[in-house]
Amino acid sequence: MGELLGDWKRTALCAEFTKDDVGREVTLMGWADTRRDLGGLVFVDLRDRSGIMQVVFDESVFEGDFDKVGSIRSEFVLAVKGKIMERSEDTVNPKIPTGLIEVKVREMKILSKAETPPFEIEDGSKVREELRLKYRFLDLRRPDMQKNLILRNKIANSARAYLSDNGFLDIETPMLQKSTPEGARDYLVPSRIHPGAFYALPQSPQLFKQILMVSGYDRYFQITKCFRDEDLRADRQPEFTQIDTEMSFVDADDVMTIHEGLIQKVFKDVMDIDIKLPLRRIPYQEAMDRFGSDKPDTRFGMELRDVSDIVAGSEFKVFSSVVKNGGSVRAINAKGCANILARREIDALVDFVKIYGAKGMAWISIREDGLNSPITKFMTQEEIDAIMQRTDGQVGDILFFVGDKNSVVYDSLGALRLKLAEKLELVKENTWDLLWVTEFPLFEYSEEEKRYVAKHHPFTSPMDEDIDKVVSDPANARAKAYDIVLNGNEIGGGSIRIHSSELQEKMFEALGFSKEDAWNRFGFLLEALKYGTPPHGGLAYGLDRLAMLMAGVDSIRDVIAFPKVQNASDLMSKAPTEVDKKQLRELHIKVDED
């Protein structure tokens, strides 16, 4: 069993000492990382969240039982007392900050012993993620995981300081609230006191932060948990964290300006990177037309080109019929790929775009000896020349074409553009591409529900000039909405909100809610809007996604301490689990066991 600390007090963290501390008597505590036994001389790398300090047990200096030193194993928790010494020139370790010094140990306590871990506690672990998550308490000891969570903490602290300094009040909103579905499924919490009734965990603090604006709090923020019962992927979790904000008496420019300052401060504080302001702004339709995405990665070219007008009368009926039916034909130019991509790779790309709804993909390879393509025989020379000019097609390039309804064309070529950029290594490392996408559509048509749904959420204000289109022409109504994009990832989104109860009711009407249904779901907001509501708007960042990108990892699971896996379960705690039948009876719940 480990011994009590007694009067031992840790001097500082392991990696907080420098060469200036040589000669200082210190007490260190941490985990035994590695151990090298040279007989009467034992070297242990002592690790804590700050890093590593080499501690040296010399039998001629050590005042305790040296046999105990020999019993030290990986992940034992130790406390040591000794003097900081300068390392000899041949033992200097330039790979760690404390590589010039070590601690000659005089006394030691084994505070806790450890079984052999199921994997090495090391950077860049190649252990499969399922095992890491099962033993998350060990995985979190790994230096790269600790680095990620420390970075996340710095982001949150920087944002909190900036918002507080700019007059925002940190106000909590309820975790147990009314179910008001905002797109995803709610997580429901049964009420014991109200049989058959349920609370919902918040998908966002949206309604309550708007009510805070009605209540006169002017500037609100919160770093808060949100919950959505939806299918997962690398950048989704059933519970996630937002840096959530709202402001009164503002327009879109005001909100974007304050948040440019926030993102600039976060990058400076956390990574010492200077972000130049103002950030670029790209209207939604321009982003779709140029990049096939409303979260465009503009660190490389390969932009989409619309060739619909050129092929509208073409003998290639696949293209001309698409244009005739209201779709479009667009192309991207994979510069220099004619001599890089083999035919089997081109065929694989054709299969790839089918994932995004494309029925197929045409291509033209421009070679020294002429054009290689299955479609040029159906085109006139005039059409081919016009395509070459429109796409800047030159010898060595491959042109890829998709023709379909616009949504499919954008999704397919937008995804292909990213895939080719990765394959061709077009994106420079350690580049930070920040921009705004503005003027989003207010609605989008849901094929599944056969009706228009809100593009962002139903509380987003239409552009002033498009208010009359909310009910009469929803397909062309634009929103006062804006997303902030980092390296092709949406890291935050917001809008100016509707502050008129009449316009909010009209919005619900356009979304297919009856007046009764709208009041049943959102009555407390509609009621509040009647009592003097300032113009207001806000923005929320996905803290997990921002931390993931700044940490340079591929999954938000690597910046969340205790994440869920693909089926929304926790491999360490085994949640979710069945509960005692007594608990279910108290909640008036009967589980169908079939």
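This chain uses plain numbering: 1 for the first residue, then up along the sequence.
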- Note on the structure: In short, Ala510 meets Val470 closest at the heavy-atom pair CB-O, 3.3 Å
- How long is the gap from CG on Asp468 to CG on Asp473, to the nearest 0.5 Å? 10.5 Å
- Message: Could you check whether Phe249 and His536 have their ring centres less than 6.0 Å apart?
- Response: no
- Query: Between Arg219 and Thr245, do the side chains contain an N or O donor and an N or O acceptor separated by less than 3.5 Å?
  - Reply: no
- Stepwise side-chain contact (heavy atoms from CB on, under 4.5 Å) test for Leu188 and Tyr199: CA-CA 6 Å; Leu188 300 177; Tyr199 301 101; over 6 Å; no
- Item | Arg128 to Phe119 six-membered ring, cation-pi geometry met (6.0 Å, 45°) | no
- Message: I need the Phe221 CZ to Leu539 CG distance, nearest 0.5 Å.
- Response: 14.5 Å
- Message: What's the separation between atom CG in Leu138 and atom CG in Leu131, rounded to the nearest 0.5 Å?
- Response: 9.0 Å
- Message: Under the criterion salt bridge (Lys or Arg N to Asp or Glu O under 4.0 Å), I'd like the reasoning laid out for Asp289 against Arg330: C-alpha separation, chi angles, the key distance, then a yes or no.
- Response: CA-CA 9 Å; Asp289 289 342; Arg330 299 173 194 263; 3.7 Å; yes
- Just by modelled atom types, is the Thr241 backbone N or O under 3.5 Å from a matching donor or acceptor in the Asp544 side chain? yes
- Query: Which value, rounded to the nearest 0.5 Å, describes the distance between Asn406 atom CG and Gln285 atom CD?
  - Reply: 7.5 Å
- Item | Validation row: Pro202, Cys226 side chains within 4.5 angstrom (heavy atoms) | no
- Query: Are more than 12 heavy atoms from other residues, nucleotides or ligands located less than 6.0 Å from atom NZ of Lys154?
  - Reply: no
- Task: Look up atom CZ in Arg545 and atom CD1 in Ile491, then write down how far apart they are to the nearest 0.5 Å.
- Result: 9.5 Å
- Task: For the residue pair Thr224 and Asp244, confirm or rule out a side-chain donor-acceptor distance under 3.5 Å.
- Result: no
- Within 45° of the ring axis of Phe352 and under 6.0 Å from its six-membered ring centre, is that where the NZ or CZ of Lys419 lies? yes
- For Tyr410 and Asp294, test the side chains for any donor-to-acceptor distance below 3.5 angstrom and give the result as yes or no. no
- Query: Is the closest side-chain donor-acceptor distance between Asp170 and Gln222 under 3.5 Å?
  - Reply: no
- Query: Is there a donor-acceptor pair under 3.5 Å between the side chain of Asn487 and the backbone N or O of Thr431?
  - Reply: yes
- Task: Could you walk me through whether Phe168 and Met247 pass the side-chain contact (heavy atoms from CB on, under 4.5 Å) test, one step at a time?
- Result: CA-CA 8 Å; Phe168 288 78; Met247 306 165 65; 3.6 Å; yes
- Query: Can a salt bridge be assigned to the pair Lys134 and Glu130 using a cut-off of 4.0 Å between side-chain N and carboxylate O?
  - Reply: no
- Item | Polar side chain donor-acceptor pair, Asp218 to Ser248, under 3.5 angstrom | no
- Item | Ile560/Gln237 under side-chain contact (heavy atoms from CB on, under 4.5 Å): CA gap, chis, key distance, verdict | CA-CA 10 Å; Ile560 296 173; Gln237 284 281 296; 3.8 Å; yes
- Task: Just say parallel, tilted or perpendicular for the rings of Phe267 and Trp432, cut-offs at 30° and 60°.
- Result: perpendicular
- Working to the nearest 0.5 Å, report the span between CG of Leu133 and OG of Ser573. 11.0 Å
- Query: Under 3.5 Å, is there a donor-acceptor pair linking the side chains of Asp558 and Ser555?
  - Reply: no
- Query: If you measure from the Lys or Arg side-chain nitrogens to the Asp or Glu carboxylate oxygens, is any gap between Arg281 and Asp253 under 4.0 Å?
  - Reply: yes
- Query: Going through the checks in order, is the side-chain contact (heavy atoms from CB on, under 4.5 Å) test met by Arg417 and Glu422?
  - Reply: CA-CA 9 Å; Arg417 178 177 175 269; Glu422 180 181 8; over 6 Å; no
- Query: Under 3.5 Å, is there a donor-acceptor pair linking the side chains of Ser500 and Glu502?
  - Reply: yes
- Over 12 foreign heavy atoms within 6.0 Å of CD, Glu172: no
- Going by atom types only, do Ser158 and Arg160 share a side-chain donor-acceptor pair under 3.5 Å? no
- NZ/NE/NH1/NH2 to OD/OE distance under 4.0 Å, Glu239 and Arg228: no
- Query: Judged by modelled atom types alone, do Tyr445 and Glu447 share a side-chain donor-acceptor pair under 3.5 Å?
  - Reply: no
- Message: How about NZ on Lys469, more than 12 heavy atoms from neighbouring residues, nucleotides or ligands closer than 6.0 Å, or not?
- Response: yes
- Item | salt_bridge(Glu246, Arg497) N-O dist < 4.0 Å | yes
- Task: Could you verify whether a donor N or O on one side chain and an acceptor N or O on the other, from Glu260 and Trp436, lie under 3.5 Å apart?
- Result: yes
- Ring centroid separation Phe522 to Phe459 under 6.0 Å: yes
- Crowded around Lys225 NZ? As in, over 12 foreign heavy atoms under 6.0 Å? yes
- Query: Does the side chain of Gln210 pick up a donor-acceptor pair with the side chain of Gln206 at under 3.5 Å?
  - Reply: yes
- Which residues share a salt bridge (charged side-chain N to carboxylate O under 4.0 Å, His left out) with Arg142, sequence neighbours left out: Asp139, Asp144
- So Asp483 and Lys295, salt bridge (Lys or Arg N to Asp or Glu O under 4.0 Å) or not? Walk me through it. CA-CA 8 Å; Asp483 283 356; Lys295 45 183 184 295; over 6 Å; no
- Flag yes if more than 12 heavy atoms outside Lys574 fall under 6.0 Å of its NZ atom; otherwise flag no. yes
- Query: Any idea which heavy atoms bring Thr180 and Asp186 closest together, and the distance?
  - Reply: N-OD2, 3.7 Å
- Determine whether the side chains of Asp517 and Asn520 contain a donor N or O and an acceptor N or O closer than 3.5 Å. no
- Is the shortest heavy-atom distance from the side chain of Pro205 to the side chain of Gln242 under 4.5 Å? yes
- Can you spot which of Asp464, Thr438, Thr460, Asp251 makes a side chain to side chain donor-acceptor pair (under 3.5 Å) with Lys480? Asp464
- Message: Tell me if the CZ atom of Arg49 is crowded by more than 12 foreign heavy atoms within 6.0 Å.
- Response: no
- Query: Are the charged groups of Arg478 and Asp466 less than 4.0 angstrom apart, N to O?
  - Reply: yes
- Do the side-chain N and O atoms of Ser191 and His588 include a donor-acceptor pair separated by under 3.5 angstrom? no
- Message: Tell me the closest heavy-atom pair linking Leu526 and Ser501, and the distance in Å.
- Response: O-CB, 4.0 Å
- Message: Quick check: closest heavy atoms across Val409 and Ser328, and the distance to 0.1 Å?
- Response: CG2-O, 3.5 Å
- Query: Under a 4.0 Å N-O cut-off, is there an ion pair linking Asp580 with Arg585?
  - Reply: no
- Message: What I'd like to find out is whether the side chain of Lys268 reaches to under 4.5 Å of the side chain of Ile273, using heavy atoms alone.
- Response: no
- Query: Are Arg280 and Asp433 ion-paired here, with the side-chain N under 4.0 Å from a carboxylate O?
  - Reply: yes
- Message: Taking atom OH as the centre, does Tyr531 end up with more than 12 heavy-atom neighbours from other residues, nucleotides or ligands that are less than 6.0 angstrom away?
- Response: no
- Query: Okay, side chain of Ser569, backbone of Ala575: is any donor-acceptor separation there less than 3.5 Å?
  - Reply: no
